[in-house]
Amino acid sequence: SECFNGNLSEMLLQEFVFEGFDGGPQNHALLFAVFLALYFMAVLGNLTMIVVITLDARLHSPMYFFLKNLSFLDLCYSSVISPKALVNFLSSSKVITFKGCATQFFFSMMGTTEAFLLAVMAYDRFMAICNPLRYPISMRPSVCACLVLGSYCGGCFNSILQTSFTFSLPFCSSNHIDHFFCDVIPLLQLTCANTAINKLVMFGLCGLIIVGTTLVVLTSYGYITLTILRMHSGGGRHKLLSICGSHMTAMSLFYRTVFVRYAQPGAVQSMEQGKVVSVFYTLVIPMLNPLIYSLRNKDVKDALRRLIQKPFLSLLP
């Protein structure tokens with residue numbers, strides 16, 4: 001196909017059209033209900049975690065500081081994609097402007113930041129369990145703030161790089177995106193330029209980030225496991241295993257799906273499979289994270305119970 005030229009290029013490049021999911025109105029109505037339920041639970045769960053950690057002084061520690069930032073990322077992460085997708089399920093016009101499409105790459109920043117933050121959380125647990133005497137100094141507030149800021153800087157760098165590389169390409173005769181949001185892989189299919197460098201940058205950079213942060217996580221939890229196994233206290237061992245188990249569950253879900261999508265060429269055989277994987281990391285994981293961290297964490301459950309009981313106790317004489 002030939003590239004756009006002249007006024008036609010300027011006109012068509014002002015917007016893209018989402019193909020979304022296959023199926024008729026009934027299928028789209030069902031998907032709307034599923035997306036709405038997942039998004040509602042993600043927003044409610046992550047907002048609850050942010051409020052509980054902010055209001056309960058007992059949770060003002062490095063671990064919960066990072067967890068609050070994770071909830072904020074998940075909240076933003078899902079909110080970049082879901083509202084537009086929900087509107088498209090009920091609309092015959094699934095159009096997004098060129099600038100709006102570029103704005104959706106904000107999810108790339110959030111996703112990359114989350115990858116770095118999960119590695120930071122693993123390092124935090126390593127320091128707390130394996131080096132408890134040095135922990136208050138090693139993870140003092142200024143260090144925690146720098147680690148979170150560094151995670152955001154890494155996310156911004158990847159997002160800016162991916163956005164500039166993708167939207168500097170000339171797009172071809174079709175402006176229909178075979179996806180439910182603006183993602184790199186379906187957008188590369190619309191260009192008439194050689195995308196070898198773009199794919200190399202995407203797979204290379206994403207692979208480096210995912211493999212690097214995964215190694216930090218695995219190394220940290222390897223040392224943590226050895227330390228826990230040497231403990232003589234059964235109660236302490238059970239508590240640590242519960243906390244670390246919730247962290248490992250959340251991390252394995254996130255890294256596995258993102259690696260399959262962005263760092264393993266050919267792992268996703270079709271665009272329909274890619275859409276399912278995308279739903280998992282844009283909606284399912286942000287919805288599951290608050291449940292994983294709250295249901296398996298006694299401190300969070302106790303803080304939530306105190307927060308709920310406080311208004312009722314104030315009414316008592």
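By convention here, the first residue in the shown sequence is residue 1.
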Task: Plane angle bin for Phe89 and Phe32 - parallel if under 30°, tilted between 30 and 60°, otherwise perpendicular - done: perpendicular
Open item on the list: Surrounding CD1 of Ile137 (heavy atoms of other residues, nucleotides or ligands, distance under 6.0 Å), is the total greater than 12?
Closed with: no
TODO: Could you tell me whether a side-chain N or O of Asn69 sits under 3.5 Å from a main-chain N or O of Phe65, the two making a donor and an acceptor?
DONE: yes
Open item on the list: Please give me the minimum heavy-atom distance between Pro290 and Met49, naming the atom from each residue.
Closed with: CB-CG, 3.8 Å
TODO: Nearest 0.5 Å please: distance from the CD1 atom of Ile50 over to the CG atom of Leu70.
DONE: 9.5 Å
Task: Sidechain-backbone polar pair: Ser252 side chain, Thr249 backbone, donor-acceptor under 3.5 Å - done: yes
Open item on the list: If I compare all heavy atoms of Pro186 with all of Ile177, which pair ends up nearest, and what's the gap?
Closed with: CB-CG2, 3.9 Å
Task: Glu15 side chain vs Val95 backbone, donor-acceptor pair below 3.5 Å - done: no
Task: Check: Met41 and Leu38 side chains under 4.5 Å, non-hydrogen atoms - done: no
Task: Side-chain heavy-atom pair Phe126, Asn131 within 4.5 angstrom cut-off - done: yes
Task: Close side-chain approach of Phe116 to Leu147, heavy-atom, < 4.5 Å - done: no
Open item on the list: Quick check: is Tyr255 connected to Leu208 through a chain of hydrophobic side chains (ILVMFWY, heavy atoms under 4.5 Å apart)?
Closed with: no
Task: Donor-acceptor contact present, side-chain Ser91 to main-chain Val87, <3.5 Å - done: no
Open item on the list: Tell me the closest heavy-atom pair linking Val277 and Thr257, and the distance in Å.
Closed with: CG1-O, 3.8 Å
- [ ] Measure from the side-chain N and O atoms of Thr282 to the backbone N and O of Ser78, and report whether any donor-acceptor pair falls under 3.5 Å.
- [x] no
- [ ] Find out if a path of hydrophobic residues (ILVMFWY) with successive side-chain heavy-atom gaps under 4.5 Å connects Met121 to Val216.
- [x] no
- [ ] Check whether any side-chain heavy atom of Phe180 sits under 4.5 Å from a side-chain heavy atom of Leu31, and report yes or no.
- [x] no
Open item on the list: Could you tell me if the side chain of Thr213 sits less than 4.5 Å from the side chain of Leu118, heavy atoms only?
Closed with: no
TODO: Please say whether more than 12 non-hydrogen atoms of neighbouring residues, nucleotides or ligands are located less than 6.0 Å from CZ in Phe72.
DONE: no
Open item on the list: Counting only heavy atoms from other residues, nucleotides and ligands, does the tally under 6.0 Å from CZ of Phe167 exceed 12?
Closed with: yes
Task: Side-chain (Thr97) to main-chain (Gly100) donor-acceptor, under 3.5 angstrom - done: yes
TODO: Please check if the side chain of Asn46 supplies one atom and the backbone of Pro286 the other of a donor-acceptor pair under 3.5 Å.
DONE: yes
- [ ] Report yes or no: do Ile285 and Val276 belong to one cluster of Ile/Leu/Val/Met/Phe/Trp/Tyr joined by side chain heavy-atom distances under 4.5 Å?
- [x] no
TODO: For the residue pair Phe280 and Leu253, establish whether any side-chain heavy-atom pair is separated by less than 4.5 Å.
DONE: yes
TODO: Would you sort out whether Ser108 and Thr163 count as a side-chain contact (heavy atoms from CB on, under 4.5 Å), showing the intermediate values?
DONE: CA-CA 9 Å; Ser108 175; Thr163 304; 5.9 Å; no
TODO: Without swapping roles, check the side chain of Ser159 against the backbone of Gly155 for a donor-acceptor pair under 3.5 Å.
DONE: no
Task: Over all atoms of both residues, closest heavy-atom pair of Ser168 and Ser164 - done: OG-O, 2.9 Å
Task: CE on Met139 to CZ on Arg134, rounded to 0.5 Å - done: 12.0 Å
Task: For Tyr39, ring-ring contact (aromatic ring centres under 6.0 Å, His included) partners two or more places apart - done: none
- [ ] Return the set of residues passing ring-ring contact (aromatic ring centres under 6.0 Å, His included) with Phe157 (not counting sequence neighbours), or none when no residue passes.
- [x] none
Task: Ring-ring centroid check Tyr281 Phe254, cutoff 6.0 Å - done: no
TODO: State the CG-NZ distance between Leu73 and Lys68, to the nearest 0.5 angstrom.
DONE: 12.5 Å
Open item on the list: Checking Ser71 against Ile53 for the side-chain contact (heavy atoms from CB on, under 4.5 Å) test, could you report, in this order, the C-alpha distance in whole Å, the side-chain angles of both residues, the deciding distance, and whether it holds?
Closed with: CA-CA 10 Å; Ser71 293; Ile53 293 171; 5.5 Å; no
- [ ] Give the cluster check for Leu47 versus Leu307: same hydrophobic cluster or not, with ILVMFWY residues linked at side-chain heavy-atom distances below 4.5 Å.
- [x] yes
- [ ] Look up atom CG in Leu288 and atom CD1 in Ile292, then write down how far apart they are to the nearest 0.5 Å.
- [x] 5.0 Å
- [ ] For residues Val148 and Val120, determine if any side-chain heavy atom of one lies less than 4.5 Å from a side-chain heavy atom of the other.
- [x] no
Open item on the list: Would you say CZ of Phe165 has more than 12 non-hydrogen atoms from neighbouring residues, nucleotides or ligands within 6.0 angstrom?
Closed with: no
Open item on the list: Does atom CD1 (Ile197) have a neighbourhood of more than 12 heavy atoms from anything else shown, all under 6.0 Å?
Closed with: no
- [ ] Indicate whether any N or O donor in one side chain lies under 3.5 Å from an N or O acceptor in the other, for Asp56 and Tyr64.
- [x] no
Task: Transitive ILVMFWY side-chain link Val80 to Leu117, under 4.5 Å - done: yes
Open item on the list: Ignoring hydrogens, what is the shortest heavy-atom contact between Tyr135 and Pro62? Give both atom names and the distance.
Closed with: OH-CB, 3.2 Å
Open item on the list: Measuring from atom CG of Leu169 to atom CG of Asn198, what distance do you get when rounded to the nearest 0.5 angstrom?
Closed with: 4.5 Å
- [ ] Give a yes or no on this: more than 12 heavy atoms of other residues, nucleotides or ligands lie within 6.0 Å of atom NZ of Lys199.
- [x] no
Open item on the list: Quick check: do Met202 and Ile185 have side-chain heavy atoms less than 4.5 Å from each other?
Closed with: yes
Task: Chi angles and distances behind the side-chain contact (heavy atoms from CB on, under 4.5 Å) call for Arg58, Asp302 - done: CA-CA 10 Å; Arg58 296 176 181 86; Asp302 290 345; over 6 Å; no
- [ ] Determine the sole option in Phe106, Phe107, Phe18, Phe105 for which the ring-ring contact (aromatic ring centres under 6.0 Å, His included) test with Phe181 is passed.
- [x] Phe107
TODO: To the nearest 0.5 Å, tell me how far Leu75 CG sits from Asn289 CG.
DONE: 12.0 Å
TODO: Work out which heavy atom in Thr227 is nearest to a heavy atom in Cys130; give both atom names and the distance.
DONE: OG1-SG, 3.2 Å
